[in-house]
Amino acid sequence: MSSGGSSAGDHGGSRGLFAELPDDLRAIEAVLFAAAEPMSVDDISEHVGAGIDVKAALAVLEAHYAGRGINLVARAKRWHFQTAADMAHLLRRERDESRKLSRAAVETLAIIAYHEPVSRAEIEAIRGVQISKGTLDVLMEAGWVRPAGRREVPGRPLTYATTADFLAHFGLESRRDLPGIDDLRAAGLLDPIDAAMEQLVLETGPEGD
Amino acid sequence: MSSGGSSAGDHGGSRGLFAELPDDLRAIEAVLFAAAEPMSVDDISEHVGAGIDVKAALAVLEAHYAGRGINLVARAKRWHFQTAADMAHLLRRERDESRKLSRAAVETLAIIAYHEPVSRAEIEAIRGVQISKGTLDVLMEAGWVRPAGRREVPGRPLTYATTADFLAHFGLESRRDLPGIDDLRAAGLLDPIDAAMEQLVLETGPEGD
Amino acid sequence: MRISASPATLRPMNETDSLFEDTPQIGSADRLTLDLDGWEGPLDLLLTLARSQKVDLAKISILALVEQYLAFIADAKKLKLEIAADYLVMAAWLAYLKSCLLLPKDPEQDPSPEELAMRLQLRLQRLSAMREAGARLMARDRLGRDVFLRGAPEGLRVIRKAQWQVDLYDLISAYGAMRARNVPAVHVVGRRPVMTLDEALTRVERMLGINVEWTRLEAFLPETQDGEYRKSALASSFVAALELAKRGKLEIEQQDAFAPLYVRSA
């Protein structure tokens, strides 16, 4: 049947629109619907039992939910259902815009996401200003940024990286999905500036304009 | 695209199994999914707009979700998604974990077995140490100990006794099978104690009252 | 500190601007809002100035940019605005860069002014790229703002059921150890055979009437196999002898320390 042009009235007869699902898909559907948190394949297996090929089933469900009001998505290898993005206008709740991130916080978050792991000094070098005290705190409090170990250079600076919650919040399956990251990398804009300089000098030659 | 004929088994290739839905159904799906509480038809209308015949759409969705891992159901004229009843068991997974019973719990259990019915104060008098609330809880949760009425003395303390599960777990026919004091001494499980002590044990001992 | 001047493009971007880059900046046509607090440092100001060249950042004229920056700072100085030190440091560095770029090439100079210019350009590109990336991130369909998780998930529960490990031996050995440990100990002091001082007095006094010659104290002791009782009798008889000597009924003699003790009636 074609659903594109159908009005709400004539769905009644289209029993086939949603076929009965096999129980393994039903089980995964049920578990993911009930879950309060995104679930990894292992988490799901633990609930639905070992006999089910969860990965294959997820791929089927993902494809089938693609055109629906609810989508099945993977973020940082954890799966959850969420409402379709084009339904945002129906759902957007009045929310306090007071939690809007400062420009400094947005830039800092972007720098961490595109360069991680990255130290505070490196963030400051890119922005050309010192990071004020609260900026990293705000990002960590939001659950988007975490300390990611120390760099083994003099001073052993602490580095920062993004979290699975960051990917989930911004609808990214992995860091590879960061907008434009491939282009930026190809342009050398994610390299340390000295490395980038070397590349530029090689490309344009030492006497380059 | 017809999905009616696809068998449950071949879901991999059956793109039509979940057809694209018209936006009015998608909207209702999304709104109900995101809602924190069941919604009346009017609640839904308010979100999806007046142009949609919500009642008709709900009937279609209800029918379509009938064979799924999630069902769309109405309770007291309010609609919500819920996990299919036959999948409910997946939401509560029991996992057995082998754990060692604490020393306090073993001692408490032994005292109850030898002296039942016995009050908490009596258990403490015999152990010479207070017992924490959790200790009795663990034993009751394990199904080995049960409350056994109140003692008709001032304060009416609750007493505890062992259960049939206790006997079964420890392979005992009855509490008479518990080794007595003489058996314990013969087995070297009792430090030498003098006659007066023995008398005391006999008075309150295993076959007491 | 705000002043009005021109051109219009000199306005610090805020997040909204970067989200909607094509927002027409009407109403400020001939005004420059000079607000150093609004820029996040000299690099930010430079980037804004560079954007006003309306060319790809990779193709901007560094010389023109330097002019713009120096003019901007000069304006601010003319207006007697306080200018933060880092802006002045940048101005000084840019003035140096400008002179290097304008002077005849010095092949010995390292790094070359061209390289310095390229570095500056690269820094601006990087900052611009991150600023854009941030804006694109913020504009995504964000969880909790544009897309939503299920409002009332039933929740999953894994109930960890403890299988307690304990066997009958654990149980009874615990009981045995506990009884042994905690049943109150009853201490009975056994009656020990002693001769009291009164007994010894009576006995020694009575026997003195019979023996008038020097006699060893031990001869007064009762016959017994019990060593404990004998010791007690000896001690009591000695004290009794001292007492009788005090009363003048008896004499005591000893040749040396630890030598036998002799008594006779006085």
Side-chain angles (χ1 to χ4, degrees), chain B residues 30-38 80-83 88 90-101 103 105-111 113-114 125-129 138-139 141-142 144 169-172 177-179 181 183-185 187-197 200-201, chain C residues 15-16 19-20 135-194 226-229 231-232:
Chain B
V31 165
L32 280 171
F33 173 85
E37 290 181 355
H80 69 275
F81 281 113
Q82 69 177 27
T83 315
L90 298 176
L91 310 190
R92 297 177 84 252
R93 259 267 176 269
E94 293 204 346
R95 192 161 53 183
D96 286 344
E97 273 183 355
S98 189
R99 290 172 66 184
K100 210 163 156 49
L101 204 58
R103 182 188 155 111
V106 175
E107 291 184 1
T108 302
L109 181 61
I111 292 166
Y114 273 90
I126 295 170
R127 279 195 73 217
V129 206
V138 162
L139 295 175
E141 196 198 318
W144 293 336
H169 180 90
F170 290 96
L172 299 167
D177 293 349
L178 282 172
I181 290 297
D183 304 316
L184 293 180
R185 184 185 298 106
L189 293 172
L190 216 55
D191 292 343
I193 47 176
D194 57 40
M197 250 300 302
L200 202 85
V201 171
Chain C
E15 197 185 339
T16 329
L19 280 171
F20 309 102
R136 285 169 78 178
L137 269 182
M138 292 302 134
R140 286 184 68 82
D141 292 321
R142 288 160 62 183
L143 200 60
R145 189 189 70 165
D146 307 293
V147 297
F148 295 89
L149 296 175
R150 187 157 172 220
E154 288 93 342
L156 296 175
R157 289 206 295 156
V158 175
I159 298 151
R160 292 167 206 281
K161 206 167 177 324
Q163 291 289 94
W164 296 109
Q165 273 183 323
V166 56
D167 59 23
L168 189 59
Y169 176 78
D170 296 333
L171 193 70
I172 61 180
S173 63
Y175 187 72
M178 187 170 38
R179 299 282 349 194
R181 182 178 83 226
N182 282 333
V183 167
V186 181
H187 297 285
V188 179
V189 179
R191 201 184 65 81
R192 293 173 61 199
V194 291
D226 189 340
E228 294 274 299
Y229 181 62
K231 273 184 190 166
S232 168

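Here is the naming used below: chain letters follow the sequence lines, and residue numbers restart at 1 for every chain. From a predicted model like this one, the values you see are computed outputs, not experimental measurements.
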Looking at every heavy atom in both [X] and [Y], which two are closest together, and how far apart are they?
X: C:Met178; Y: B:Ile126; answer: CG-O, 4.3 Å
X: B:Leu91; Y: C:Gly155; answer: CB-O, 4.2 Å
X: B:Phe33; Y: C:Leu149; answer: CE2-C, 3.4 Å
X: C:Asp170; Y: B:Val106; answer: O-CG1, 3.6 Å
X: B:Ala36; Y: C:Ala152; answer: O-CB, 3.3 Å

Let me know if [X] has heavy atoms under 4.5 Å from chain C in its side chain, its backbone, both or neither.
X: B:Leu172; value: side chain
X: B:His169; value: side chain
X: B:Gln82; value: both

NZ of B:Lys100 to CD of C:Gln165, rounded to nearest 0.5 Å, is 6.5 Å
Side chain proximity check, C:Tyr175 to B:Leu178, heavy atoms < 4.5 angstrom: no
Minimum side-chain heavy-atom gap B:Leu139-C:Trp164 below 4.5 Å: no
Pick from C:Val147, C:Leu156, C:Leu168: which one has the most heavy-atom pairs with chain B under 4.5 Å? C:Leu168
